[in-house]
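Contents: one structure, followed by commentary.
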Amino acid sequence: MVRNPEANREQFRPTDHPNDAFLLTTVVGSYPKPKWLNRADELVEDPDSKFDEDDLAEAHDDACRLITHEHERAGLDTVVDGEMRRNEMVEFFADRIDGYEFNGPVKVWGHNYFDKPSVVEEVSYDEPWLVDEFEFTSNVAERPVKVPITGPYTLGFWAFNEAYPSTEELVYDLADLVNEEVEKLVEAGARYIQIDEPALATTPEDHAIVGEALERIVSGIDEEVRIGLHVCYGDYSRIYPEINDYPIDEFDVELCNGDFEQIPTFTDPEFEPDLALGVVDAHTAEVEPVEEIKENIRQGLRVVPPEKLTISPDCGLKLLPREIAYGKTENMVTAAREVEAEIDAGEIDVENPLDD
Amino acid sequence: MTERVAATPGLYPLPDWAKETLSDLKGHQKGDLLSGDESEAIVEQYDEVRAEYVDDQLDAGLDRVVEGQGRWDDMIAHPLTVHDSVETGGIVRYYDNNNFYRDPRVVDDLGFSGDVARELEAATDLIDGEAPLAATLPGPYSLADLATDEYYGDEAAFQAAIAEFLAGEVEAFPAHETLFLLEPSLVTNPPAEDAESTATDAIATVADATDADVVVQTSYGALGEKLYAHLVDESGADALGLDLVAGDRDDTVYNVQEFGATDSIALGLVDGQNTLVEEPETVAERVEWFASQVPTEGFDRTYLTPNTELFYLPANKYRAKLNTLAAATEVLE
């Protein structure tokens, strides 16, 4: 069953928050890398260059500082580092988990490839995956830091399974490792964790496996820690209302891309976790105007009341030009603040949010 | 005694160097994918890829050599996506995989293309008589299933038109010993009750266009009983290809026991979607396991194949799987 989102949401309200209503603003995670960082990634591979691993680590730190501050400048209530240190959402973790090996890129479509790893023996936990990056970001940020982690279902099913009798068993072992990592992050001060499970969208019939994996992930995690789940680009009717049974505080969805056609899916039965609603499209290179985003936010109020509504982009923004990503984030925050003020003023009827 | 033939239906992964050079030359977006009129620089890259594929297969010692289909950006939808009467729509999911292809929207009469025949001519030159050629095409049922019809109007007419188109392509092929017709949709999205004959007639149309051994290769599990029986009786296949890796292989064995089989058989024995490289002995055991339940000695030929195309794998593992197949036939001798 759903955790207790009420127990952890208020800690993210900034002390100088201007309105009574509070729509928690956040992002899914990834953000466009500055061009120079991509060059730095290439330079370190060049044997003729003096640019070494230490220089690259410094470049990563610089980029994380830059993007964290960029998120703060946009006004977000909770920030991330834009995943500047990460290459790809499965590769990054597979590289840190014992039991995986890499054999080379495989095709996704056209000339788009992914270094799909193979699980060749039982997976195990060695060094922490994200604690250093969390501590760094947390030290440079003035706002609370959210930590996105690729979920065990995606880490299992987007790899070749050579070692386990079934991929389901692999997923449960990975879930135990994610639990260990979440414990370490919490110990380091993290209070907002987001589990990313895009693979669930492609095989919604496996929702029970994801549910069992989540039970393992949150085992022993205190209710003051907010646990979100992000699932994107799929038919949500195939996993709803099952997600109401998931032990999460917040369910993060991508609906802007589909013009909010799937909103009615979530209205019956009653939506139990907090809803983190995608209100800007991660795959259009135009910044949505504030007024349009405000209309999108009202769609979320059809599902949950304001105190259970979180505002975010549809998905990670990394494929957009950076100025577009910034523009979307800034307008998103402005729109949320204006909607809050309108709720405070009674100008929006939260029972009938689409009415003027 | 059955003749054992180590073979693959192709659709190999590009070598890593070609993944880079071709993505630099072509780009990463939908509009950058192959249209059939690629520049000389791109043609040269694919010529090198083809030569590497032929060498890989000859080195492994496969009994049939395929062109390898490095150009097939849209996997088995390729013969349509490069066709003049087809417009490509959005990117859509390729079966139940994390792979995508351009939706081929057929908007005009599907006349002769010759695209695949040209690839096979080039492969024939490279093979230079060292091994027999196997040609690969999508089966008409699957190709129709993967495409969108905006011209022919009804499902049966569309399947028949695609079959006629593919038959025309086959007639232009250079000499080939085997023709693989890939039909994954027969398992994943089978024809409706009583529409089986439309599908098998379409397959027969293509099969009749060649004197080569025709293997109708299925993937992703067992065929439905009734459809299986129709395929054996009506499709004109010399061999049905059966997936012994994915799904319930007992269902497949049951089909063969209950409804008989084609004169030859193809067994999908090596997992085209997992990097775990099977030992030749393991593959041989799988053949023997199958043989212990149905009399394979009765088959003219037993093809030892992967259960799917091999492009899902990293390049090193694809090569290892070719070696496994060739070595497995030796274990069985």
Exercise for the section: Against chain A, label B/Asn98 side chain, backbone, both or neither, depending on which of its atoms sit under 4.5 Å from a heavy atom there. Expected result: both
Completion exercise
Heavy atoms of A/His111 and B/Lys19 approach each other most closely as ND1-O, 4.3 Å
Practice task
Say whether, by atom type as modelled, one donor and one acceptor occur between the side chain of B/Asn99 and the main chain of A/Val108 under 3.5 angstrom.
Solution key: yes
Problem - Partner chain B: residue of A/Asp115, A/Val106, A/Thr203 with the largest heavy-atom pair count (under 4.5 Å) - result: A/Val106
Completion exercise
The interface call for B/Asp16 against chain A, heavy-atom contacts under 4.5 Å, is side chain
Problem - B/Glu281 CD: over 12 foreign heavy atoms closer than 6.0 Å - result: yes
Exercise for the section: Mind checking the CG-CG spacing from A/Asn103 to B/Asn316? Nearest 0.5 Å is all I need. Expected result: 4.5 Å
Handout entry: Minimum heavy-atom distance A/Gly104-B/Pro314, with the two atoms named
Key = O-CB, 3.8 Å
Practice task
Step through the shown structure and confirm whether more than 12 heavy atoms of other residues, nucleotides or ligands are within 6.0 Å of CZ on B/Arg93.
Solution key: yes
Completion exercise
Under 4.5 Å to a heavy atom of chain A? For B/Leu22 that would be both
Exercise for the section: Run through B/Leu276, B/Asp271, B/Leu313 and flag the one making a side chain to side chain contact (heavy atoms under 4.5 Å, CB included) with A/Phe160. Expected result: B/Leu313
Handout entry: Part of B/Asp96 within contact of chain A (heavy atom distance under 4.5 Å)
Key = side chain
Problem - B/Val277 vs A/Glu162 side-chain heavy atoms within contact, under 4.5 Å - result: no
Problem - Nearest-0.5 Å distance, NZ of residue A/Lys116 to OG1 of residue B/Thr275 - result: 8.5 Å
Problem - Heavy-atom contact with chain A under 4.5 Å, split by part of B/Tyr312 - result: backbone
Exercise for the section: To the nearest 0.5 Å, tell me how far B/Leu33 CG sits from A/Trp109 CH2. Expected result: 6.0 Å
Practice task
Can you tell which part of B/Ile91 gets under 4.5 Å to a heavy atom of chain A, answering side chain, backbone, both or neither?
Solution key: side chain
Problem - B/Glu20, part contacting chain A, at a heavy-atom distance under 4.5 Å - result: neither
Exercise for the section: Please check if atom CG in B/Asp84 has more than 12 non-hydrogen atoms from other residues, nucleotides or ligands closer than 6.0 Å. Expected result: no
Exercise for the section: To the nearest 0.5 Å, tell me how far B/Tyr94 OH sits from A/Lys107 NZ. Expected result: 9.0 Å
Fill in the blank from the handout: Okay, B/Arg102 and chain A: the region with an atom under 4.5 Å from a heavy atom over there is neither
Fill in the blank from the handout: If one checks every heavy atom of B/Lys26 against chain A at 4.5 Å, the contacting part turns out to be side chain
Practice task
With the side chain counted from C-beta on, respond yes when A/Tyr113 and B/Leu14 share a heavy-atom pair under 4.5 Å apart, and no when they do not.
Solution key: yes
